Amino acid sequence: MNRIATSALLALIEQSGLSVATLAEGLDEADLRRSRLTRAEVLRHVRLLARSAISVTPSAREEMPEIDWDGWRSLALHLQADTGEDVEDALWFAVSSLVPATLLWLRVYRQGQPQLFVMSPD
């Protein structure tokens, strides 16, 4: 995978994470579970984020070791089912922990290693 593709994946991860943060803002776990529409949209974004995260190349992941890449891989496995307690627990973990931490580290890396986020062939 080339640098442009990696940058595009990182942008997708960031945008999906921001969508999750916006949609889930102010919700506790019970509120999220009760809200069918919000829950469905949050789940869609988390699944997209997880698929994107596991598609990032090992070399790019090595440049951003603080992001919990293994956590995203595990989460993607837990989110394969349509419903169930495992999905609900995984979704809340993503919303309350994994997404905020990933967004934080992406911001740090964007400042410290901006070349990872540039979508140009140079």
Side-chain angles (χ1 to χ4, degrees):
M1 180 179 298
N2 64 31
R3 192 160 86 174
I4 294 173
T6 297
S7 297
L9 280 172
L10 293 175
L12 189 55
I13 290 167
E14 190 170 40
Q15 286 304 308
S16 294
L18 289 171
S19 294
V20 168
T22 300
L23 287 164
E25 183 177 5
L27 298 178
D28 62 20
E29 184 175 6
D31 291 336
L32 182 61
R33 286 182 183 221
R34 275 192 303 269
S35 177
R36 288 182 322 150
L37 295 175
T38 301
R39 182 200 167 279
E41 192 63 8
V42 168
L43 181 59
R44 185 179 73 80
H45 283 288
V46 168
R47 283 180 170 153
L48 177 59
L49 199 163
R51 283 193 306 270
S52 300
I54 63 176
S55 297
V56 173
T57 62
S59 61
R61 289 193 303 260
E62 288 174 7
E63 293 186 62
M64 297 175 279
E66 283 86 2
I67 293 177
D68 189 358
W69 302 109
D70 291 334
W72 281 110
R73 181 175 307 283
S74 176
L75 187 83
L77 294 172
H78 289 297
L79 293 176
Q80 287 179 348
D82 288 330
T83 59
E85 199 62 30
D86 201 32
V87 173
E88 298 304 324
D89 290 344
L91 182 60
W92 183 248
F93 175 71
V95 167
S96 64
S97 182
L98 204 50
V99 168
T102 300
L103 289 173
L104 173 79
W105 283 111
L106 285 174
R107 192 173 317 120
V108 169
Y109 287 124
R110 185 178 288 281
Q111 291 173 356
Q113 299 178 56
Q115 72 280 3
L116 294 173
F117 299 87
V118 176
M119 289 192 229
S120 68
D122 298 329

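The structure presented is a predicted model; accordingly, all values stated were derived computationally and were not measured.
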Asker: Identify the two heavy atoms, one from Ala94 and one from Val46, that lie closest to each other, and give their separation to 0.1 Å.
Answerer: CB-CG1, 3.7 Å
Asker: Shared ILVMFWY cluster between Leu48 and Trp72, side chains joined below 4.5 angstrom?
Answerer: no
Asker: Between atom NE2 of His78 and atom CZ of Phe93, what is the distance when rounded to the nearest 0.5 Å?
Answerer: 9.5 Å
Asker: Roughly how far apart are Leu116 CG and Leu9 CG, rounded to 0.5 Å?
Answerer: 12.5 Å
Asker: Same hydrophobic cluster for Ile54 and Leu106, using side-chain heavy-atom links shorter than 4.5 Å among ILVMFWY?
Answerer: no
Asker: What are the two closest heavy atoms between Ile13 and Ser52, and how far apart are they?
Answerer: CG1-CB, 3.6 Å
Asker: What are the two closest heavy atoms between Arg61 and Arg73, and how far apart are they?
Answerer: NH1-NH2, 4.0 Å
Asker: Could you check whether any side-chain heavy atom of Trp105 comes within less than 4.5 Å of a side-chain heavy atom of Asp68, counting everything from C-beta outward?
Answerer: no
Asker: Taking Ser19 for its side chain and Gln15 for its backbone only, find out whether a donor-acceptor pair lies under 3.5 Å.
Answerer: yes
Asker: If two hydrophobic side chains count as joined below 4.5 Å and joins carry through other members, does Val87 share a cluster with Val99?
Answerer: yes
Asker: Is the shortest side-chain heavy-atom distance between Trp69 and Thr102 below 4.5 Å?
Answerer: no
Asker: Counting only heavy atoms not in Glu25, do more than 12 sit closer than 6.0 Å to its CD atom?
Answerer: no
Asker: With distance as the sole test, does Arg51 use its side chain to make a donor-acceptor pair with the main-chain N or O of Ala76 at under 3.5 Å?
Answerer: no
Asker: Please determine whether a side-chain nitrogen of the Lys or Arg among Asp28 and Arg33 lies less than 4.0 Å from a carboxylate oxygen of the Asp or Glu.
Answerer: no
Asker: Begin with the C-alpha distance, continue with both residues' side-chain angles, and end with the deciding distance and a verdict on side chain to side chain contact (heavy atoms under 4.5 Å, CB included) for Glu29 and Asp89.
Answerer: CA-CA 9 Å; Glu29 184 175 6; Asp89 290 344; 4.2 Å; yes
Asker: How many angstroms lie between CD1 in Ile4 and CE in Met119, if you round to the nearest 0.5 Å?
Answerer: 9.0 Å
Asker: With a 3.5 Å distance limit and no angle check, can you tell me whether Arg47 reaches the backbone of Leu79 through a side-chain donor-acceptor pair?
Answerer: yes
Asker: Using 0.5 Å steps for rounding, measure from the CZ atom of Arg110 to the CD atom of Gln115.
Answerer: 11.5 Å
Asker: Assess the residue pair Val56 and Ile67 against the criterion (side chain to side chain contact (heavy atoms under 4.5 Å, CB included)); give the C-alpha distance rounded to whole Å, side-chain angles, the decisive distance to 0.1 Å, and a yes or no.
Answerer: CA-CA 11 Å; Val56 173; Ile67 293 177; over 6 Å; no
Asker: How long is the span from the CG atom in Leu23 to the CG atom in Leu18, to the nearest 0.5 Å?
Answerer: 11.0 Å
Asker: What I'd like to find out is whether the side chain of Met64 reaches to under 4.5 Å of the side chain of Leu10, using heavy atoms alone.
Answerer: yes
Asker: Looking at Glu14 and Leu103, what are the two nearest heavy atoms and their distance?
Answerer: O-CD2, 3.7 Å
Asker: Minimum heavy-atom separation for Ala5 and Asn2, please, with both atom names.
Answerer: N-OD1, 2.7 Å
Asker: If we ignore hydrogens and angles and just use 3.5 Å, is the side chain of Ser7 paired with the main-chain N or O of Val118 as donor and acceptor?
Answerer: yes
Asker: Could you state the interatomic distance from CG (Leu12) to CG (Leu49), rounded to the nearest 0.5 Å?
Answerer: 7.5 Å
